[in-house]
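In what follows, a structure is listed as C-alpha cells, so that the remarks can point back to it.
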There are 2 protein chains.
Amino acid sequence: MNGSRTKTQAGANLPALRHHNAALVLDLLRAAGAEGISRLELAEGTGLTPQAVSKITARLREDGLAAGAGLRPSTGGKPRTVLRLVPDAQFAVGLHLDRDGLTAVLVDLAGRPVAVTRAPLDLGAPADRVLADAADAVRDLCAAEPHKPVLGVGVAVPGPLDHRDGVLRRVTGFPQWDGYPLRAALAERTGLPVTLDKDTNAAALAVALALDEPRGDFAYLHLGTGLGAGLVLGGEVHRGARTGAGEFGHQTLQLDGPLCGCGGRGCIEALCLAAEARGDRAEAARVLGAGAANLVGLLGIDRVVLGGRTVAADEDAYVRGVRAVIEERAARGGAGTGVTVTVARGGDRPVAEGAAHLVLAPVFGRVGERVGGARG
Amino acid sequence: MNGSRTKTQAGANLPALRHHNAALVLDLLRAAGAEGISRLELAEGTGLTPQAVSKITARLREDGLAAGAGLRPSTGGKPRTVLRLVPDAQFAVGLHLDRDGLTAVLVDLAGRPVAVTRAPLDLGAPADRVLADAADAVRDLCAAEPHKPVLGVGVAVPGPLDHRDGVLRRVTGFPQWDGYPLRAALAERTGLPVTLDKDTNAAALAVALALDEPRGDFAYLHLGTGLGAGLVLGGEVHRGARTGAGEFGHQTLQLDGPLCGCGGRGCIEALCLAAEARGDRAEAARVLGAGAANLVGLLGIDRVVLGGRTVAADEDAYVRGVRAVIEERAARGGAGTGVTVTVARGGDRPVAEGAAHLVLAPVFGRVGERVGGARG
DNA sequence: GCACTTTGGCAACAGCGTTGCTTAAGTGGA
DNA sequence: TCCACTTAAGCAACGCTGTTGCCAAAGTGC
C-alpha cells in the first residue's frame with residue numbers, strides 16, 4: 001500500500017489549503033504551550049485574517065484539538081480569549097532501536113512523554129525477533145492510553161537507511177539488515193502508520209521543536225561511539241535525496257591525516273575520538289569545533305546543539321571548545337557571528353522522543369506536506 | 001516601501017493558492033522549453049486534475065504567458081494540444097557587479113539572454129558613481145525591448161551581504177560598501193523591483209535551472225581568485241538566516257595547516273590556490289574534491305557543478321580530480337554513490353544570467369513564495 | 001450611565017479546484 | 001463509407017476556502 005508517488009512538486013487544492021493553515025495554527029498553539037495564545041495573535045503570526053482564524057480554531061475545538069484557557073487582561077476593550085492545544089487529544093509512539101537497547105515512548109501532542117519503556121535488544125538477532133520486540137513495545141504503550149487515538153509510530157535507527165522507502169541500508173556493524181523493509185513490516189504488525197529515520201535526525205527534530213524560535217536552521221551534532229549530525233532547515237529535517245544527509249563524522253578535516261575505521265584519512269570522527277581516547281578533551285572539543293564551524297559557514301546556521309554520551313561526560317568542555325573555534329572564526333571576519341552553542345539534555349532519551357516527533361511533525365506542517373495526492 | 005514582514009510562516013488564501021499552482025504550471029512549461037508540454041502531462045506533473053490545468057492554462061494564455069504549439073500524434077483518440085511558454089512575454093535584467101567589471105544582461109522568461117553589455121567598473125569608486133553606471137546599464141538594456149514589461153533587476157555582488165534587507169556587508173577588498181542599501185538605492189533610480197544576492201548564489205541558480213531534473217539538491221563550487229559555493233536545495237537557493245550560507249572557501253580542511261589570508265589555518269581555499277600556484281593541478285583538484293565530498297556527505301547532494309576561471313583553465317583535470325575523491329569515498333561505504341560532477345560553461349556570464357533568474361525565480365515558484373502578505 | 005475600545009461571530013461573497021457531463025477530434029474495423 | 005471506440009478538453013454546477021461588511025458582546029474610563 002501507500003504507493004505514494006514523489007515524482008514532482010505538488011499542486012494544491014482546497015483541502016490542501018485548509019490542512020496547511022490548520023497545521024500552521026496548530027504549530028503556533030503548540031509553541032505557545034500551556035500559556036496559550038489568543039486568536040488575534042494567531043492571526044498576526046499566520047498572516048491570516050482574524051475571521052479566518054476564528055473559523056479554523058472553531059474547527060480545531062470541534063475536533064478536540066484546541067480549547068479555551070481563560071482570558072487575557074483587558075486593554076480597554078473586550079478581553080482576548082486564550083486558546084491552548086489539548087495535548088492528550090492524540091498521541092504518537094517513538095521507538096529508538098539502538099545497537100544494544102530498545103527505548104519506546106508514548107508522547108502527547110505537545111511532545112511530552114506520558115509513558116516510557118526500556119529493554120535490552122540485540123540488533124544482531126533475527127529480524128523477526130527484533131520486529132516482535134518492537135511491536136510488543138508499541139502495543140504495551142498504546143495500552144497506557146486505551147481510548148485515545150495514536151497517530152502512528154516513528155522509528156529511529158542508527159545506520160544508513162532510506163526514509164522515503166522505509167528500508168534499512170547497511171547498518172554499521174549489522175549488515176544483515178541491508179534491504180530490510182522495516183517500515184512496511186512494522187506497519188503491518190502494528191496496524192499503524194510508521195515513519196523511519198536516522199537516530200540523529202530524530203534527535204535533531206526533538207531539539208529543534210524544543211527551541212523557542214520556531215523555524216530556524218540549526219544543526220545537532222551527536223558524539224557518542226561515533227559522530228553524526230542531524231540538520232533542521234526551515235523547521236524541517238533535511239535528509240537529501242536518499243536520506244544520506246548528515247554524514248558529519250567522515251568529513252575530511254586533516255588531509256592525509258591518521259587512518260579512520262572507514263578507510264579514509266583524517267576524518268573528524270577519528271581525530272575527535274582519538275583525542276578523547278588519550279584524555280585530551282580540549283583537543284577533541286577543538287576538532288569538533290572546527291567541523292561545527294565548517295558547517296556554520298556552509299549553511300549559515302546560527303545554532304549548534306551538542307549531544308551524545310561523550311559530550312554528556314563533560315558538557316562544559318565541549319560547549320566551550322566548540323564555541324571558541326566558532327567565535328574565533330567569526331572574529332576573523334568569517335561566518336558565525338551570534339551563533340549559539342548549547343547542549344541537549346537527557347542523554348539518549350531525546351532520540352526516542354524525536355522519533356515520535358517524526359509522526360507529529362506533519363500535524364504541525366513540519367514536513368513536505370503530503371499535499372501531493374491532490375486526488376486523495 | 002516594500003515593508004515586507006518576514007516574521008513567521010505564511011498562511012495561505014485563495015489568491016496565494018492560485019499563484020502557487022500557476023507558478024507550478026509555468027515552471028513545467030519553462031522546463032519543457034520549445035518542445036512544449038500537453039495539458040495532461042501538466043496534470044500528471046502537478047497532481048492537479050486535467051480540468052484545473054485547463055482553467056489555469058486558459059488564464060496563462062489570456063495573459064500572453066502561454067500559447068499553443070501544435071498537436072501531438074494521436075494515440076487512438078483526439079490528439080493532445082501542446083502548450084509552450086511565450087518567452088518574450090516578459091523580461092528581467094541581470095546585473096553582475098564585479099571588482100573590475102559590470103556585466104548586464106536582459107533575459108526573457110525562458111532565461112535566454114537577448115541583450116548583453118559589458119563595461120569596466122571600479123568597485124572602489126564612490127557609491128553614486130557605481131550606482132549611476134548600474135542604472136545606466138539597466139536603462140540601456142530596457143530600451144532593447146521597449147514595449148515589453150520588465151519584471152525587475154537582479155544584482156549579483158561578490159562580498160558578504162544581506163539578501164533580505166538588500167544591504168551590502170564588508171565586500172572583500174572594498175570595506176567602504178559596508179552597510180550600503182544597494183537594493184533600495186537602485187530600486188529608486190530605476191523604478192524597478194530589485195533583488196540582491198551573492199554572485200555564487202546567482203551562478204548556482206542559473207546552473208540549477210539549466211539542469212533537466214527540476215528540483216534536486218545541488219552545489220555549485222566557484223574557483224576563481226577565491227573559492228566559494230552556492231547551494232540550491234529543493235530548487236531554491238539556500239541562503240541561511242543572514243545570507244551567510246555558502247562560505248565554502250574557509251572551511252578547515254587541514255587542522256593547523258598553512259596560514260590563509262583570512263587568518264585561519266588550513267582553509268581549503270588556501271590549500272587549493274597554493275597547489276594551483278605551484279603548478280600542482282592534480283593536488284588542487286584533490287583538495288577541491290575533498291571539500292566537495294564533505295559537502296556531498298553533509299547535505300546528501302547528488303550533483304556538483306564546478307565553475308570559475310581557474311577551473312575553466314583545465315576543466316578535465318578538475319572534474320576528474322573531484323570525481324575521483326567522491327567516488328573513492330563512496331566506494332568505502334560513505335555517501336556519494338551516483339553523484340554527478342560536471343562543469344559550468346561560459347565563464348563568468350552565468351553570474352549575470354543567474355542574477356536575472358533571481359527576478360524570474362518567484363514567477364516559477366522557486367522562492368519562499370511571497371504568499372505571506374495574505375492581505376496584500 | 002454613557003461613550004469608547006476591542007473582541008469575535010454571523011451572513012453574504014468572490015473565487016479556487018472538483019465533479020458530472022457534453023462536445024470535439026482523432027483511430028480502426030466492418 | 002460508416003460506425004463504434006478512444007482520447008482530449010470545455011461547460012456548468014458544486015462544495016468549500018478565506019475575505020468583507022456588519023453587528024453583538026464585553027470590557028474600560030470619564
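To find a chain, count down the sequence lines: A is the first, B the second, and so on, and within it residues start at 1.
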Q.
By the 4.0 Å heavy-atom rule, please label B:T81 as base, sugar-phosphate, or nothing.
A. sugar-phosphate
Q) Could a donor-acceptor pair under 3.5 angstrom be found where the side chain of B:Q51 meets the base of C:dC21? A) no
Q | Interatomic distance where CG belongs to A:N13 and C1' belongs to C:dT19 [whole Å] | A | 13 Å
Q.
Looking at B:K148 and B:F91, would you say the former's side chain and the latter's main chain have a donor-acceptor pair under 3.5 Å?
A. no
Q: Quickly work out the A:L71 CG to D:dA25 P distance and round it to whole Å.
A: 17 Å
Q: Looking at every strand, decide which applies to A:R59 at a 4.0 Å heavy-atom threshold: base, sugar-phosphate, or nothing.
A: sugar-phosphate
Q | A:T49 side chain, from C-beta outward: closest of C:dG15, D:dT20, C:dG8 | A | D:dT20
Q: Figure out the CZ/C1' separation between A:R80 and D:dA25, and round it to whole Å.
A: 16 Å
Q.
Is it the case that the side chain of B:D108 and the backbone of B:R112 share a donor-acceptor pair, with hydrogens and angles ignored and the cut-off at 3.5 Å?
A. yes
Q. Among the nucleotides C:dG17, D:dG18, C:dT7, which one has an atom lying closest to any side-chain atom of A:L40?
A. C:dT7
Q.
Is the phosphate of D:dG10 approached by B:R39 (side-chain N or O, under 4.0 Å from OP1 or OP2)?
A. yes
Q: Take B:G77 and A:P15, find for each the nucleotide of DNA chain D with the closest heavy atom, and name the residue whose nucleotide sits nearer the 5' end.
A: B:G77
(Q) What is the separation between atom NE2 on B:H19 and atom P on C:dG15, rounded to the nearest whole Å? (A) 17 Å
Q: Can you tell me the distance, in whole Å, between the CD1 atom of B:I56 and the P atom of C:dG15?
A: 16 Å
Q. So which nucleotide from C:dG17, D:dG27, D:dT19 ends up closest to the side chain of A:A52?
A. D:dT19
Q.
Looking at B:K78 and C:dT27, is any side-chain donor or acceptor paired with a base atom of the opposite kind under 3.5 Å?
A. no
Q: In whole angstrom, give the distance that lies between atom CG of A:N21 and atom C1' of D:dC16.
A: 13 Å
**Q.** B:R84 side, atom CZ; B:L29 side, atom CG - distance, nearest 0.5 Å
**A.** 10.5 Å
Q.
Looking only at side-chain N and O atoms, does B:S38 offer a donor or acceptor that is under 3.5 Å from a partner on B:E41?
A. yes
Q. Rounded to the nearest Å, what distance is computed from the CZ atom of residue A:R72 to the C1' atom of nucleotide D:dA26?
A. 17 Å
Q.
Looking at B:R39 and B:E44, is there a salt bridge between them, counting it only when a charged N and a carboxylate O are closer than 4.0 Å?
A. no
Q. When you check the phosphate oxygens OP1 and OP2 of D:dA9, does a side-chain N or O of B:S54 lie under 4.0 Å from one of them?
A. no
Q: For B:T243 and B:R164, run side chain to side chain contact (heavy atoms under 4.5 Å, CB included): C-alpha distance rounded to whole Å, both residues' side-chain angles, the deciding distance at 0.1 Å, then the answer.
A: CA-CA 8 Å; B:T243 331; B:R164 196 176 296 181; 5.6 Å; no
Q. Closest nucleotide of DNA chain C for A:T57 versus for A:L14: which of these residues is on the 5' side?
A. A:T57
Q) When the nearest nucleotide of DNA chain D is assigned to A:T75 and to A:V53 on a heavy-atom basis, which residue is associated with the more 5' position? A) A:V53
Q) Closest to the A:P79 side chain: D:dG18, D:dG27, C:dT18? A) D:dG27
Q: Would you kindly give the CD-to-C1' distance between A:E41 and C:dT6, to the nearest whole Å?
A: 14 Å
